[in-house]
Amino acid sequence: MTARFNPLEADAHWQKVWEERGTFHTSDSSGRPKTYVLEMFPYPSGRIHMGHVRNYTMGDVLARYRRMNGFEVLHPMGWDAFGMPAENAAMEKKVHPGAWTRSNIATMRGQLKRLGFALDWSREFATCDPEYYGHEQALFLDLLEAGLVYRKQSEVNWDPVDMTVLANEQVIDGKGWRSGAAVERRKLSQWFLKITDFAEELLEGLGELDQWPDKVRLMQENWIGKSQGMRFRFALEQPIGGHRDLEVFTTRPDTIFGASFAAVAADHPIALTLAEGNEALVAFIAECKAGGTTAAELETAEKKGFETGLRVVHPLDPNWTLPLYVANFVLMDYGTGAVFGVPAHDQRDFEFATKYRLPIRRVVAPAIEDADLPIGGEAETGPGVIVNSRFLDGLDVEAAKAAVIARAEAESWGEGTIVWRLRDWGVSRQRYWGTPIPVIHCESCGPVGVPKDQLPVLLPEDVSFDIPGNPLDRHPSWNSAICPRCGAPGRRETDTLDTFVDSSWYFIRFASQPTDKPFDRAIAESWLPVNQYIGGVEHAILHLLYARFWTRALKRIGLLDIEEPFRGLFTQGMVTHETFRAPDGRWLSPDEVEQKGGTWIESATGQPAQPGRVEKMSKSKRNTVDPEPIVNQYGADAVRWFMLSDSPPERDLPWSEAGIEGAWRFVQRLWRMSMQRAEDGDEAEGEDKALDRKLHQTIASVGANIESLAFNKAVANIYELANAIEKAPVSRSRAKAIETLVLLIAPMVPHLAEQAWATLGGKGLIADARWPEADPALLVEDEVTIAIQVNGKLRDTLTVPKGSARETLQEMALASERVVRILEGKPPRKVIVVPDRLVNLVA
RNA sequence: GCGGACGUGGCGAAACCGGUAGACGCAGCAGACUUAAAAUCUGUUUUCCGAAAGGGAGUGCGGGUUCGAGUCCCGCCGUCCGCACCA
């Protein structure tokens with residue numbers, strides 16, 4: 001009996017061979033067709049988790065498959081290495097963020113290599129390498145020069161105890177997540193990228209991304225949020241503090257005659273002007289700002305307003321004035337920060353008007369004669385005919401919109417316009433562990449870009465996190481600099497770039513990494529766009545949108561002629577696991593519980609344990625499984641196989657002990673099969689047509705399923721073939737089937753495949769072998785089983801030669817014993833024959 | 001509230017364009033091999049009636065279109081995801 005497959009030896013051996021031979025080094029100039037397979041690079045948090053294993057296994061299968069199909073495959077790996085966790089670790093464990101990050105990278109690199117991924121490690125980099133972020137600084141300066149970067153005051157969440165800026169996710173119930181101190185809002189001058197300049201093309205571009213999930217395209221579309229409408233001005237009855245009119249935005253200019261009030265946001269300039277010396281208004285504004293922004297709070301938040309006493313003049317009737325409110329539901333950063341209210345046809349306005357007893361006037365009705373129909377308990381937002389609206393009466397909604405815009409433009413009190421939900425991208429972060437923004441602030445010249453020959457602006461190493469705040473701010477020397485323009489002493493910008501900037505162009509740097517510039521244009525263009533990008537849905541909006549923007553910005557400034565960075569996108573599901581809780585609410589790890597007599601108990605205490613839902617692996621729920629010991633126990637191939645099996649890749653994959661054991665058993669079974677082939681030698685004789693067919697059908701379907709990333713189906717195809725081979729008697733066909741099976745599994749379980757390939761006398765490495773070709777002649781069956789139905793119910797089946805004539809099928813169906821019995825001798829009223837499929841007899 | 005996806009055995013799931021529902025895997029059950037266990041192999045496994053032959057029901061629920069519906073249409077219910085006072 002042959003020995004078992006020993007994954008520990010085989011994994012190490014073949015990984016060494018691949019590395020020594022440079023098997024996965026990608027050539028820029030091989031002449032083979034190029035393809036770029038990329039998985040989202042990891043943040044070096046410490047250790048690889050199962051989600052990484054799944055993500056990188058999928059990409060690896062595709063990369064290896066494409067290699068076997070003759071492609072030069074770019075399949076790189078690197079590290080998204082800047083970010084807050086490194087600073088948190090620095091504060092907690094007194095280690096330097098850089099040292100922490102690099103040690104994590106070393107660990108995780110080893111863990112990834114242990115899985116045998118076909119990666120070109122020679123292209124590896126971390127975004128915290130000065131060689132990387134220095135080029136990023138150069139690109140930032142190019143964008144600055146092109147006018148795509150600007151500076152403006154913006155509010156941040158400020159933690160007064162930690163003296164630091166908090167991201168929105170770090171603010172919990174209005175308090176800093178770490179300090180617990182009440183968070184303040186502070187205005188800081190910050191850098192912004194003009195992503196809104198690209199709103200239209202980013203939206204349009206989505207239309208061409210036919211290899212992206214619809215869901216992601218829709219999410220981006222909603223995020224960009226294009227609204228067509230009209231901007232127009234109400235005259236203020238009396239000017240106040242230099243304000244003569246109030247500009248509002250609406251998507252419903254057709255309802256202009258239904259207006260009952262106007263309202264501005266709490267931080268609107270008019271509100272702020274009025275607040276001077278008005279304590280009640282100051283208090284109201286403060287109240288608006290204090291309001292929470294969580295979903296639940298907004299859901300129930302009452303519409304509140306402060307009547308200013310000012311009145312605005314209706315643009316279509318100088319004798320018609322409306323009260324002006326400051327209202328808590330008006331947002332300063334959308335549209336113009338001011339609205340006019342039409343209670344009959346907008347739900348918020350309806351609630352507001354009800355509360356403040358403002359008129360609710362119908363201006364849209366089901367029909368022209370319904371003009372006096374009362375408005376019920378809620379606003380009517382649907383289509384209809386315009387009524388009570390003077391020159392608009394009788395028009396439909398769309399026509400009325402056009403008519404109002406035309407009139408406003410003619411009389412120049414307003415104009416048709418488009419408003420976007422998308423805001424410019426604030427990239428300043430008041431943190432140490434990020435790319436320094438390459439700017440020097442000079443008293444006389446203002447902010448000046450650091451000259452490119454002085455790049456990179458290196459992060460200083462000698463920093464401490466003993467005191468709260470950004471260590472760059474208080475660094476004794478780093479932050480003083482000479483103004484590159486006038487030579488006067490200036491101050492270095494101490495903000496660093498959002499880490500999303502780092503991940504907005506890393507895929508370009510993977511394609512080409514010269515030392516003297518961010519990338520070589522021709523080489524980058526030869527690889528881009530990425531043919532298949534794979535990662536989690538959590539990046540569906542921000543990362544993917546920013547990368548699309550960055551790529552287009554590079555095109556606009558003439559650095560790269562690529563519009564869309566990712567041709568194909570696939571968002572994979574999470575790896576989930578069971579959860580358990582003790583009676584006192586503690587989360588229990590699945591290793592800490594066992595099943596006894598149908599109920600779960602905590603092994604250590606014997607206390608009952610409550611099984612919860614199967615959820616995403618997370619430390620807080622204590623349901624994580626560390627891949628490393630699993631890989632060491634079962635080998636890389638079994639883990640890879642399990643990651644691909646059963647669940648469709650876009651759906652969640654429930655981790656289970658039984659699942660990984662099943663994968664292990666199958667790996668061993670594949671091994672036994674190939675060893676049996678080796679023992680049988682070349683003596684086997686005879687053809688097995690049925691097995692030949694099965695083999696070629698499997699070749700075709702496994703290939704198609706890998707191409708469409710339906711790995712679970714490819715896995716099922718392979719199981720079927722393996723079952724068929726084991727049932728088949730020894731023959732030349734069977735020998736060939738086993739040899740081919742080894743090729744088919746090579747992308748998925750590469751170590752086993754190499755070992756089997758070598759044992760069976762394959763030439764070179766299986767990683768370099770050609771994917772087998774399916775013989776079209778063998779893809780079609782010569783016999784088919786057709787269904788015999790009576791009234792659509794299956795009653796019998798017939799096995800007939802493929803392509804049998806309709807008449808023959810009908811005759812055979814009518815002759816079937818069961819059919820005869822059911823029809824009781826009566827002829828059918830109607831017969832439907834679908835050749836090679838079925839006969840349906842209608843009684 | 002708006003937008004979207006999904007609902008198939010005990011479980012993960014298949015089912016191309018409307019044509020034999022449940023491929024494949026997991027778990028279970030029965031058996032073989034073994035002193036025993038592990039490993040391996042064989043059979044079985046949607047459900048109900050029946051000893052069997054056979055028959056009924058069945059893809060969240062209710063309708064509809066069709067010779068025929070998991071698949072198409074209408075209306076519900078449920079779960080999950082995204083956005084959210086967006087004018």
Side-chain angles (χ1 to χ4, degrees), chain A residues 1 4 213-216 218-223 225-227 229-230 248-252 255 263 265 291 293-295 297-299 301-304 327-331 333-342 345-349 351-352 381 419-422 537-538 540-541 576 614 641-642 645-648 650-654 656-663 665-666 668-669 672 701 704 710 712-723 726 785-798 818 821 828-834 836-843:
Chain A
M1 188 57 206
R4 277 194 177 190
D214 290 343
K215 175 184 167 159
V216 174
L218 193 70
M219 280 163 76
Q220 293 219 347
E221 187 181 323
N222 292 340
W223 189 263
K226 181 178 186 173
S227 285
M230 180 174 90
V248 299
F249 172 75
T250 180
T251 55
R252 295 294 305 270
T255 62
T293 52
T294 65
E297 281 169 317
L298 292 176
E299 192 74 41
E302 206 182 347
K303 306 286 172 276
K304 282 187 195 162
N328 66 346
F329 64 88
V330 182
L331 304 174
D333 48 7
Y334 182 77
T336 60
V339 299
F340 75 100
V342 183
H345 305 292
D346 180 283
Q347 187 56 28
R348 276 169 327 200
D349 297 347
E351 288 169 31
F352 190 81
T381 53
V419 158
W420 304 89
R421 207 195 82 110
L422 183 69
V537 238
E538 64 273 19
I541 297 176
T576 59
V614 175
W641 185 259
F642 179 55
S645 305
D646 294 348
S647 288
E650 68 278 10
R651 252 185 262 178
D652 290 351
L653 171 72
S656 76
E657 198 70 26
I660 181 66
E661 272 170 17
R665 279 201 299 273
F666 188 64
Q668 292 298 337
R669 199 173 140 205
R672 281 197 302 275
S701 58
N712 58 321
K713 295 189 211 168
V715 162
N717 298 149
I718 285 170
Y719 272 112
E720 277 193 61
L721 178 61
N723 291 344
E726 285 186 336
T785 304
I786 66 162
I788 309 300
Q789 299 178 334
V790 178
N791 293 330
K793 277 195 176 182
L794 181 71
R795 293 301 176 177
D796 206 350
T797 57
L798 284 177
R818 297 189 195 184
R821 195 173 61 230
R829 284 195 294 122
K830 194 174 171 187
V831 180
I832 285 121
V833 180
V834 183
D836 295 337
R837 285 235 97 120
L838 58 72
V839 178
N840 189 12
L841 306 164
V842 186

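Chain naming here is simple, since letters A, B, ... match the order of the sequence lines and numbering starts at 1 in each.
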Any base atoms under 4.0 Å from A:Leu218, or only sugar-phosphate, or nothing? Heavy atoms, all strands. sugar-phosphate

Taking only the side-chain heavy atoms of A:Arg818 (C-beta and beyond), determine which of B:G55, B:A87, B:U20 contains the nearest atom. B:G55

Would you kindly give the CD1-to-P distance between A:Ile788 and B:G19, to the nearest whole Å? 17 Å

By nearest heavy atom, map A:Pro654 and A:Asp333 onto RNA chain B; which one lands nearer the 5' end? A:Pro654

A:Leu794 has its side chain closest, among B:A14, B:A21, B:C86, to B:A21

Are A:Arg818 and A:Ile788 side-chain neighbours, meaning at least one heavy-atom pair lies under 4.5 Å? no

B:A69 versus B:U20 - spacing of their C1' atoms, nearest Å: 14 Å

To check you understand the geometry: which heavy-atom pair defines the closest contact between A:Ser227 and A:Thr251, and what is its length? CB-CG2, 4.0 Å

B:C26 to B:U44 separation - C1' atoms, rounded to the nearest Å: 16 Å

Just checking A:Val342: base, sugar-phosphate only, or nothing, at a heavy-atom cut-off of under 4.0 Å? nothing

If you compare all heavy atoms of A:Tyr719 against all heavy atoms of A:Trp641, which two are closest, and at what distance to 0.1 Å? OH-NE1, 3.3 Å

With syn meaning chi within 90° of zero and anything else anti, the base of B:G9 is syn

The side chain of A:Trp223 lies closest to which of these nucleotides: B:A87, B:C83, B:G12? B:C83

Regarding the side chain of A:Ala658, the nearest nucleotide among B:A87, B:C26, B:G68 is B:C26

Name the closest nucleotide to the A:Ala716 side chain, picking from B:A23, B:A84, B:U20. B:A23

Heavy-atom check, side chain of A:Val842 versus side chain of A:Pro828, under 4.5 Å: no

Contact class for A:Asp214 vs. all strands (heavy atom < 4.0 Å): base, sugar-phosphate, or nothing? nothing

C1' spacing across the pair B:G70 / B:U46, given as an integer number of angstrom: 14 Å

Can you check whether A:Ser227 has a side-chain N or O nearer than 4.0 Å to OP1 or OP2 of B:A87? yes

Over how many whole Å does the gap from A:Asn222 atom CG to B:C83 atom P extend? 10 Å

Could you identify the nucleotide paired to B:U71, looking across every strand shown and requiring Watson-Crick or G-U wobble geometry with both distances under 3.5 Å? none

Heavy atoms under 4.0 Å, any strand shown: does A:Thr797 hit a base, just sugar-phosphate, or nothing? base

Phosphate OP1/OP2 of B:G55: any A:Arg821 side-chain N/O under 4.0 Å: yes

Counting the atoms with a prime plus P, OP1 and OP2 as sugar-phosphate, which does A:Ser656 contact under 4.0 Å by heavy atoms, base, sugar-phosphate, or nothing? nothing

If we take the C1' atom in both B:U8 and B:U71, what is their distance in whole Å? 12 Å

As its Watson-Crick or G-U partner within any shown strand, both distances under 3.5 Å, B:U59 has none

Could you work out the separation of B:U42 and B:C49 based on their C1' atoms and round it to a whole Å? 29 Å

NA contact type, A:Phe249, heavy-atom cut-off 4.0 Å: base, sugar-phosphate, or nothing? base

Output yes when at least one side-chain N/O atom of A:Arg665 is less than 4.0 Å from OP1 or OP2 of B:C41, else no. no

Distance, rounded to the nearest Å, where A:Asp349 contributes CG and B:C85 contributes P: 15 Å

Could you state the CG-P distance from A:Asp346 to B:C2, rounded to the nearest angstrom? 13 Å

Nearest non-hydrogen partners of A:Val330 and A:Val339, listed with the distance: CG2-CG2, 3.9 Å

Touch check for A:Asn840, heavy atoms < 4.0 angstrom, all strands: base, sugar-phosphate only, or nothing? base

Side-chain N or O of A:Asn712 closer than 4.0 Å to phosphate OP1/OP2 of B:A14: yes

Given the P atoms of B:C74 and B:C80, what is the spacing between them in whole Å? 25 Å

Counting only side-chain N and O atoms of A:Lys713, is one of them less than 4.0 Å from OP1 or OP2 of B:A15? yes

A:Asp836 has an atom CG; how far is it from atom C1' of B:C17, in whole Å? 16 Å

Please work out if A:Val842 contacts a base, only the sugar-phosphate, or nothing of the nucleic acid, heavy-atom cut-off 4.0 Å. sugar-phosphate

Mate of B:U20 where both pairing distances stay under 3.5 Å, Watson-Crick or G-U: none

Does any nucleotide pair with B:C29 by Watson-Crick or G-U wobble geometry, both distances under 3.5 Å, and what is it? B:G43

Rounded to whole angstrom, note down the C1' distance from B:C48 over to B:G58. 10 Å

Indicate whether OP1 or OP2 belonging to B:U20 is found under 4.0 Å from a side-chain N or O atom of A:Lys793. no

Are A:Asn717 and A:Ser701 linked by a side-chain donor-acceptor pair shorter than 3.5 Å? yes

Does a nitrogen or oxygen in the side chain of A:Arg837 sit under 4.0 Å from OP1 or OP2 of B:G18? no

Minimum-distance nucleotide to A:Arg348 side chain [options: B:G19, B:C86, B:A14]: B:C86

Given B:C41, B:A13, B:U20, identify the nucleotide with an atom nearest to the side chain of A:Pro648. B:A13

A:Arg672 vs B:C41: side-chain N/O to OP1/OP2 distance below 4.0 Å: yes

What integer number of Å spans the P atoms of B:G10 and B:G56? 22 Å

Might you point out which heavy atoms bring A:Arg348 and A:Lys303 nearest each other, and give the distance in Å? CG-CE, 3.3 Å

Would you classify A:Gln668 as touching base, sugar-phosphate or nothing, given that sugar-phosphate means primed atoms plus P, OP1 and OP2, and contacts are heavy atoms under 4.0 Å? nothing

Taking the side chain as every heavy atom from C-beta outward, state whether A:Lys226 and A:Trp420 have any atom pair closer than 4.5 Å. yes

Would you check if A:Val715 and A:Phe666 make a side-chain contact, meaning some heavy-atom pair closer than 4.5 Å? no

Would you name the heavy atoms of A:Trp223 and A:Arg421 that are closest together and state the gap between them? CE3-NH2, 2.8 Å

What is the distance, to the nearest angstrom, from the OH atom on A:Tyr719 to the C1' atom on B:G12? 12 Å

In terms of side-chain heavy atoms of A:Tyr334, which of B:U20, B:G25, B:A87 is nearest? B:A87

Provide, to the nearest angstrom, the distance between the CG atom belonging to A:Asp652 and the C1' atom belonging to B:U79. 13 Å

For B:G7, the Watson-Crick or wobble counterpart (both distances under 3.5 Å): B:C77

Separation of atom CG in A:Asn791 from atom C1' in B:G55, rounded to whole Å: 16 Å

Considering just the side-chain nitrogens and oxygens of A:Arg651, establish if one lies under 4.0 Å of OP1 or OP2 belonging to B:A13. yes

Side chain of A:Ile832 only, heavy atoms from C-beta on: which candidate in B:G82, B:A84, B:C67 is closest? B:C67

If pairing means Watson-Crick or G-U wobble with both distances under 3.5 Å, then the partner of B:C2 is B:G82

Anti or syn - B:C17, cut at 90° from 0: syn

